Structure formats: C-alpha cells, structure tokens
A.B. asks: 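To start, I am sharing the structure in question, which I have written as structure tokens.
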Amino acid sequence: MIFSSNDHVVSIALAAKPAANVNAQAEIMNGKPIAKDIRSRVAAEICRLKAATGRLPGLAVVLVGNRKDSHNYVNLKLKACNQVGIVTSIVQLPQDCTQDRLIDVVSSFNRNPSVHGIIVQLPLPQHLDEEKIINFVSPEKDVDGFHPLNMGNLAMRGREPLFIPCAPKACIELLLRYGVEIIGKNAVVIGRSKIVGLSTSLLLQRHHATVSTLHSFTKSPEEITRRADVVISDVGTPNLVQPDWLKPGAVVVDMGTNPVKDPSSRHGVRITGDVCYTEAIKVVSAITPVPGGVGPVVISMLLSNTLDSAKRAYGLT
C-alpha cells in the first residue's frame with residue numbers, strides 16, 4: 001500500500017505543528033497540497049502498474065436517487081479518477097429502485113475482474129437497507145472500507161483491514177503531515193457515524209491516542225472537549241463547536257460540511273463546518289478550513305485505496 005494507517009509519511013514542505021500560543025492566530029492546515037501530492041504519487045504508481053500488467057485500476061460507482069449532494073460528490077470522485085488514470089463505471093438507479101435490483105448491480109461488479117473498487121454512494125433512499133447493501137460489496141473491493149470485515153479488522157489489534165475508510169484515513173494523514181503528535185494525546189471525536197466518527201475513533205486508537213467519542217446522549221460535551229489535545233468533528237451542525245469548547249493550543253480537524261444560506265454568495269449558500277472557525281483560530285494552534293481542509297484529501301484516499309486493490313489483484317506490492 002502507498003498509504004497505510006501506520007505510515008508516517010514525509011512532510012511535503014509543510015510546517016510542523018506550531019507551539020501553543022493563544023496570542024497568535026492558528027496555523028491553517030490546508031489539505032490541497034497534500035491531496036495534490038497523493039494524486040501525483042497515485043498517478044505514477046498507475047503508470048507502473050500499466051507497464052507491468054497492461055491493466056489499469058477500475059472503480060465502479062452505484063448512485064441511487066436524485067440527491068444533488070450525492071451527484072456532486074460522485075462527479076468529484078469521477079473527475080479525480082480520470083485525472084490519475086483510474087477507469088470508472090457508473091450505474092445510476094431511480095429513487096424507487098428495489099433492493100433486489102441494487103443487489104444485482106453490486107453483485108455484477110463483484111464478479112467483474114476489471115473492477116477493483118466498488119462505491120455505493122450513501123445515503124441511500126430510506127426504503128433500502130443500507131447495511132445489507134454494504135454487506136453485499138465484496139470486502140476485496142470495498143474501497144470505502146465500510147464492510148463489516150474491514151471495520152471489524154480495523155477495530156481489532158493485530159489485524160489489518162484491506163481498506164481503511166477514506167475520511168478517517170485522510171484525517172490522520174493530514175495530522176501526520178502537519179507534524180501533529182497523536183501518540184499519548186487526548187483526542188475527542190464528535191460524532192459516531194460509521195462513515196467518519198466511529199472509524200476515526202478506531203484509527204486514532206491505532207495511533208495510540210486516548211479517545212473519547214461524543215454523541216447526542218453525551219452529557220456536558222463542552223467539558224470533555226475542553227480537555228482534548230485534538231478535536232475532530234463531523235456532525236453536520238454549523239458552528240456547534242464554540243471557542244469555549246476548545247483548550248488553548250488544541251488542534252482542530254473540522255470534517256463537517258454544512259450548506260448555510262448566504263445571500264452574498266453566488267449560489268445563495270456557502271459551505272461551513274461544525275466549528276466556529278473565525279473565533280476558534282484565536283484559541284487553537286492549528287485548524288482545518290472548510291472547505292479546503294480534509295475534503296480534498298478524502299478523495300485522494302479513495303484513489304489510493306482503488307490503486308491498492310488493483311495492485312493486490314495483480315499480485316504487485
């Protein structure tokens with residue numbers, strides 16, 4: 001694998017984590033140069049794969065319904081694949097698609113040897129059993145890392161998942177590239193979704209952080225968060241995390257992506273995170289912007305996972 005959960009990759013001319021200084025504005029952890037570097041490496045590896053096997057990695061995407069955000073995310077993924085040389089296939093199904101039809105599509109991609117990664121874009125319409133669909137994706141092609149086998153192996157010491165979910169993997173990659181110390185640190189993850197929160201907590205534990213996971217039933221979340229050296233949030237609530245939730249000098253990774261009405265914006269909305277950014281930068285030592293922080297790295301990790309799957313399929317290391 002190019003990028004694994006234990007890789008401590010060399011920084012690409014990025015500054016190390018600044019010292020805690022509440023009088024200085026926080027360092028902005030920009031994900032774009034990291035994403036660019038990963039994509040460059042993936043593209044180079046794909047060229048070597050083609051030279052050795054005559055084949056290219058293949059990614060299949062299944063999109064159900066007409067959610068605008070899902071279509072936008074899929075288009076970004078397809079564009080990124082095209083840029084590095086990953087062959088893509090997409091099947092778009094109607095909102096009222098039956099579960100049997102969706103399973104048939106996933107099963108056909110499971111059997112296709114030219115497909116090395118399969119994404120079922122989430123969320124699915126409510127009448128479909130999301131967990132059952134995820135379980136039908138072959139673990140060897142589960143580049144999203146959501147299959148129970150991959151999630152279970154991520155949770156267990158001494159085992160390695162075939163794939164780590166892209167968002168947590170991107171989060172850890174960003175922290176490591178900016179020289180943020182994780183070992184022995186107190187980390188708080190706000191949210192426990194399988195896409196981000198749960199798997200991020202598990203991955204932080206693999207990096208030997210002491211992890212607290214906050215959710216809707218957590219009492220006094222601000223008190224727990226104020227003790228954290230690293231705060232990661234992905235709950236979809238704009239400005240949930242106020243500056244008084246944060247310890248001076250903490251590091252914040254904001255993975256929330258929330259559309260907020262803004263008449264001054266060209267489209268009438270702007271994207272904001274879960275953290276009150278303009279106030280938080282006066283307290284913390286480093287923080288990700290939204291957009292432009294973790295997001296670009298997430299898509300790059302999808303490319304990396306798809307490449308790893310192809311290399312595994314063709315017996316390359």
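The shown structure was predicted, so the numbers you read here are calculated from the model rather than taken from an experiment.
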A.B. asks: If you take all heavy atoms of C97 and H127, which pair is closest and at what distance?
C.D. replies: O-NE2, 2.7 Å
A.B. asks: Are K185 and D229 ion-paired here, with the side-chain N under 4.0 Å from a carboxylate O?
C.D. replies: no
A.B. asks: Indicate yes or no: at least one non-hydrogen side-chain atom of P221 is less than 4.5 angstrom from one of I190.
C.D. replies: no
A.B. asks: Taking only Lys NZ, Arg NE, NH1 and NH2, and the carboxylate oxygens of Asp or Glu, determine whether D244 and R226 approach each other closer than 4.0 Å.
C.D. replies: no
A.B. asks: Rounded to the nearest 0.5 Å, what's the gap from CD on Q99 to CG on L124? Could you check?
C.D. replies: 9.0 Å
A.B. asks: Which distance, rounded to the nearest 0.5 Å, do you find between the NZ of K219 and the CG of L214?
C.D. replies: 14.5 Å
A.B. asks: Any side-chain heavy atom of L122 sitting closer than 4.5 Å to one from E130?
C.D. replies: yes
A.B. asks: Regarding N186 and K247, is there a side-chain donor-to-acceptor distance under 3.5 Å anywhere?
C.D. replies: no
A.B. asks: Okay, side chain of T237, backbone of L240: is any donor-acceptor separation there less than 3.5 Å?
C.D. replies: no
A.B. asks: Which heavy atom of C276 sits nearest to which heavy atom of Q242, and what is that distance?
C.D. replies: CB-NE2, 4.0 Å
A.B. asks: So, N239 and D274: side-chain donor and acceptor under 3.5 Å apart, yes or no?
C.D. replies: no
A.B. asks: Apply the test side-chain contact (heavy atoms from CB on, under 4.5 Å) to residues V91 and L63: give CA-CA distance (whole Å), side-chain angles for both, the deciding distance (0.1 Å), then the verdict.
C.D. replies: CA-CA 6 Å; V91 172; L63 180 59; over 6 Å; no
A.B. asks: Closest approach of K169 and S304, non-hydrogen atoms and distance?
C.D. replies: NZ-OG, 4.1 Å
A.B. asks: What I'd like to find out is whether the side chain of P259 reaches to under 4.5 Å of the side chain of P238, using heavy atoms alone.
C.D. replies: no
A.B. asks: Please check this pair: side chain of H207 against backbone of A209, looking for a donor-acceptor N/O pair closer than 3.5 Å.
C.D. replies: no
A.B. asks: Has the side chain of E140 got a donor or acceptor atom that lies under 3.5 Å from a matching backbone atom of S309?
C.D. replies: no
A.B. asks: Apply side-chain contact (heavy atoms from CB on, under 4.5 Å) to the pair L203 and L154, showing each step before the final yes or no.
C.D. replies: CA-CA 7 Å; L203 194 53; L154 179 62; 4.1 Å; yes
A.B. asks: Do V62 and L102 come within less than 4.5 Å of each other through their side chains, counting heavy atoms only?
C.D. replies: yes
A.B. asks: Does D262 use its side chain to pair, donor to acceptor, with the backbone of R270 at less than 3.5 Å?
C.D. replies: no
A.B. asks: So, the side chain of D142 versus the backbone of V137: is there a donor-acceptor pair under 3.5 Å, distance only?
C.D. replies: no
A.B. asks: Using only atom types and a distance under 3.5 Å, with no angle test, would you say the side chain of T288 pairs donor to acceptor with the backbone of V294?
C.D. replies: no
A.B. asks: What are the two closest non-hydrogen atoms of M151 and P165, and how far apart are they?
C.D. replies: SD-CG, 4.0 Å
A.B. asks: Is it the case that one hydrophobic cluster holds both I271 and V241, taking links as side-chain heavy atoms less than 4.5 Å apart, direct or via other members?
C.D. replies: no
A.B. asks: Write down the atom of L246, the atom of A280, and the distance for their closest heavy-atom approach.
C.D. replies: CD1-CB, 3.8 Å
A.B. asks: If only side-chain N and O atoms count, and only distance matters, is there a donor-acceptor pair under 3.5 Å linking R192 with T213?
C.D. replies: no
A.B. asks: Using side chain to side chain contact (heavy atoms under 4.5 Å, CB included) as the criterion, point out the one residue from L307, L303, L302, D308 that pairs with V143.
C.D. replies: L302
A.B. asks: Strictly under 6.0 Å, is that where the ring centroids of H116 and Y314 end up?
C.D. replies: yes
A.B. asks: Do we get R312 above F163's six-membered ring, with its NZ or CZ under 6.0 Å from the centre and within 45° of the axis?
C.D. replies: yes
A.B. asks: If only atom types and distance count, is the side chain of S40 paired as donor or acceptor with the main-chain N or O of K36 below 3.5 Å?
C.D. replies: no
A.B. asks: Working to the nearest 0.5 Å, report the span between CZ of F146 and CD of E131.
C.D. replies: 10.5 Å
A.B. asks: Report yes or no: do N112 and S114 form a side-chain donor-acceptor pair below 3.5 Å?
C.D. replies: yes
A.B. asks: Enter the distance from M255:CE to L174:CG here, rounded to the nearest 0.5 Å.
C.D. replies: 9.0 Å
A.B. asks: Can you tell me how far apart CD (E222) and OG1 (T225) are? Round to the nearest 0.5 Å.
C.D. replies: 7.5 Å
A.B. asks: Is the number of heavy atoms from other residues, nucleotides or ligands within 6.0 Å of CD (Q95) greater than 12?
C.D. replies: yes
A.B. asks: Less than 4.0 angstrom from a charged side-chain N to a carboxylate O is my criterion; do E160 and R206 meet it?
C.D. replies: yes
A.B. asks: Evaluate I134 against V120 for side-chain contact (heavy atoms from CB on, under 4.5 Å), listing each step before the verdict.
C.D. replies: CA-CA 8 Å; I134 289 172; V120 178; 5.9 Å; no
A.B. asks: Taking F217's backbone N and O only, do any of them form a donor-acceptor pair with H215's side chain (distance below 3.5 Å, no angle check)?
C.D. replies: yes
A.B. asks: Can you check whether S199 reaches I164 side chain to side chain, under 4.5 Å on heavy atoms?
C.D. replies: no
A.B. asks: What are the two closest non-hydrogen atoms of A35 and P296, and how far apart are they?
C.D. replies: CB-O, 3.4 Å
A.B. asks: Ignoring hydrogens and geometry beyond distance, is a side-chain donor-acceptor pair present between N110 and S138 at under 3.5 Å?
C.D. replies: no
A.B. asks: Side chain of N30, backbone of K32: donor and acceptor closer than 3.5 Å?
C.D. replies: yes
A.B. asks: Output yes when E173 and R177 qualify as a salt bridge under the 4.0 Å nitrogen-oxygen rule, no when they do not.
C.D. replies: yes
A.B. asks: Indicate yes or no for a side-chain donor-acceptor contact from S220 to the backbone of E223 under 3.5 Å, with no hydrogens or angles considered.
C.D. replies: no
A.B. asks: Assess the residue pair Y277 and I287 against the criterion (side-chain contact (heavy atoms from CB on, under 4.5 Å)); give the C-alpha distance rounded to whole Å, side-chain angles, the decisive distance to 0.1 Å, and a yes or no.
C.D. replies: CA-CA 8 Å; Y277 181 83; I287 189 170; 3.8 Å; yes
A.B. asks: Are the side chains of Q121 and I119 in contact, using a 4.5 Å heavy-atom criterion?
C.D. replies: yes
A.B. asks: Evaluate the side-chain proximity of K132 to I103: yes if any heavy-atom separation is below 4.5 Å, no if none is.
C.D. replies: yes
A.B. asks: Could you note down all residue pairs passing side-chain hydrogen bond (donor to acceptor under 3.5 Å, both in side chains) where residues 49-68 supplies at least one of them, sequence neighbours left out?
C.D. replies: R67-D69
